[in-house]
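Here the structure comes first, spelled out in structure tokens, and everything after it is commentary.
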Amino acid sequence: MSKKAVSIYMAATCAISIITPGRFVCGIVVAVEICLLMLLGTLFRTLIEVLKLNKMKQPLILIFVVYLTSFYKRFVILFMPELGLQLGFIMFLPAISTFTTVFLMDEKKLSLINELTDNMPCSLLFSLYVLIISFIRDFLAFGTITLPGTNGFYEYIIFDTETVSAASFLATIPGALILSAILLSFYLFIEKKFHIILKAGIK
């Protein structure tokens with residue numbers, strides 16, 4: 001994945017994490033979707049190249065990503081109807097960001113293994129980012145931890161949010177925006193320090 005694609009993919013992931021409801025179970029659903037789209041989308045692109053359908057590659061990948069997202073959404077609604085309906089159009093945002101940043105902008109010719117090792121780490125990293133934000137918002141804003149279940153999702157009450165009512169601000173979109181900016185700044189700081197260490201030749 002090119003640096004430009006990574007930057008746009010990061011920005012799209014941050015935006016998705018901000019508008020996603022501040023529940024950990026929502027973060028889990030979106031994080032799994034991000035990884036699933038990247039993995040199966042990469043495999044499908046390789047299949048297109050094997051079948052020599054390169055002239056139709058972009059529309060075929062777009063159709064595949066949209067249908068995969070629709071199938072995944074129906075799967076979520078089947079087991080967690082309330083959550084699936086609550087997420088709504090949000091579940092299609094990872095499909096748009098994945099298609100535009102990876103399968104539309106990135107035209108590098110790599111083997112399947114190299115392409116997976118190039119794309120999946122970014123997908124896993126940004127999925128972790130979504131999980132961290134949703135966990136913090138769920139824990140601090142609602143005083144709960146929500147996890148997926150076979151018949152809906154489970155909510156575990158950790159503490160009464162009335163004792164820390166100020167933290168409920170994180171449940172709002174402005175609160176999520178501030179939290180996302182803090183975590184992103186911390187990530188960029190660590191990444192910069194890591195690059196400095198590499199340039200210095202320190203292992």
Could you state the interatomic distance from [atom1] ([X]) to [atom2] ([Y]), rounded to the nearest 0.5 Å?
X: Leu43; Y: Met38; atom1: CG; atom2: CE; answer: 12.0 Å
X: Met91; Y: Ser70; atom1: CE; atom2: OG; answer: 9.5 Å
X: Ser17; Y: Ile90; atom1: OG; atom2: CD1; answer: 10.5 Å
X: Ile173; Y: Ile178; atom1: CD1; atom2: CD1; answer: 12.5 Å
X: Glu82; Y: Phe153; atom1: CD; atom2: CZ; answer: 5.0 Å
X: Ser127; Y: Ile34; atom1: OG; atom2: CD1; answer: 4.5 Å

Looking only at non-hydrogen atoms, find the nearest pair between [X] and [Y] and report the distance.
X: Gly84; Y: Ile77; answer: CA-CG1, 3.8 Å
X: Gly27; Y: Val130; answer: O-CG1, 3.8 Å
X: Phe64; Y: Leu40; answer: CE2-O, 3.6 Å
X: Thr117; Y: Asn114; answer: OG1-O, 2.9 Å

Can you check side chain to side chain contact (heavy atoms under 4.5 Å, CB included) on Leu131 and Val30, steps first, answer last? CA-CA 9 Å; Leu131 288 174; Val30 173; over 6 Å; no
Within the distance-only criterion (no hydrogens, no angle test), does the side chain of [X] pair as donor or acceptor with the backbone N or O of [Y] below 3.5 angstrom?
X: Tyr129; Y: Leu124; answer: no
X: Thr146; Y: Val25; answer: yes
X: Ser180; Y: Ala176; answer: no
X: Thr144; Y: Ile157; answer: no
X: Thr46; Y: Thr42; answer: yes
X: Asp138; Y: Phe24; answer: yes

I'd like to know if [Y] and [X] are part of one continuous hydrophobic network [Ile/Leu/Val/Met/Phe/Trp/Tyr, side-chain heavy atoms within less than 4.5 Å].
X: Val76; Y: Val66; result: yes
X: Leu125; Y: Ile133; result: yes
X: Ile19; Y: Leu85; result: no
X: Val50; Y: Ile48; result: no
X: Ile63; Y: Phe92; result: no

Flag the pair [X] / [Y] as yes when at least one side-chain heavy-atom distance between them is below 4.5 Å, and no otherwise.
X: Pro94; Y: Thr69; value: no
X: Leu60; Y: Phe44; value: yes
X: Phe79; Y: Pro148; value: no

Please determine whether side chain to side chain contact (heavy atoms under 4.5 Å, CB included) holds for the pair Glu155 and Arg23, giving the CA-CA distance in whole Å, both sets of side-chain angles, and the decisive distance to 0.1 Å. CA-CA 10 Å; Glu155 182 182 67; Arg23 294 289 190 159; 2.9 Å; yes
Could you tell me how the ring of Tyr154 sits relative to the ring of Tyr156: parallel (under 30°), tilted (30 to 60°) or perpendicular (over 60°)?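 Tilted.
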Can you list the steps and then say if Cys26 with Ser134 is a side chain to side chain contact (heavy atoms under 4.5 Å, CB included)? CA-CA 7 Å; Cys26 294; Ser134 61; 5.9 Å; no
Could you tell me which residues satisfy side-chain contact (heavy atoms from CB on, under 4.5 Å) with Val32, sequence neighbours excluded, listed by chain and number?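 Result, side-chain contact (heavy atoms from CB on, under 4.5 Å) vs Val32: Ile28, Tyr72.
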Using a 6.0 Å distance limit plus a 45 degree cone around the ring axis, check whether Arg137 lies over the aromatic ring of Phe142.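 Ring-cation test returns no.
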Run the numbers on Lys73 and Glu33 for salt bridge (charged side-chain N to carboxylate O under 4.0 Å, His left out), then give the verdict. CA-CA 9 Å; Lys73 182 179 180 180; Glu33 181 185 0; over 6 Å; no
Close aromatic pair by centroid cut-off 6.0 Å: Phe71 and Phe75: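 When the ring centroids of Phe71 and Phe75 are compared, they turn out to be at least 6.0 Å apart.
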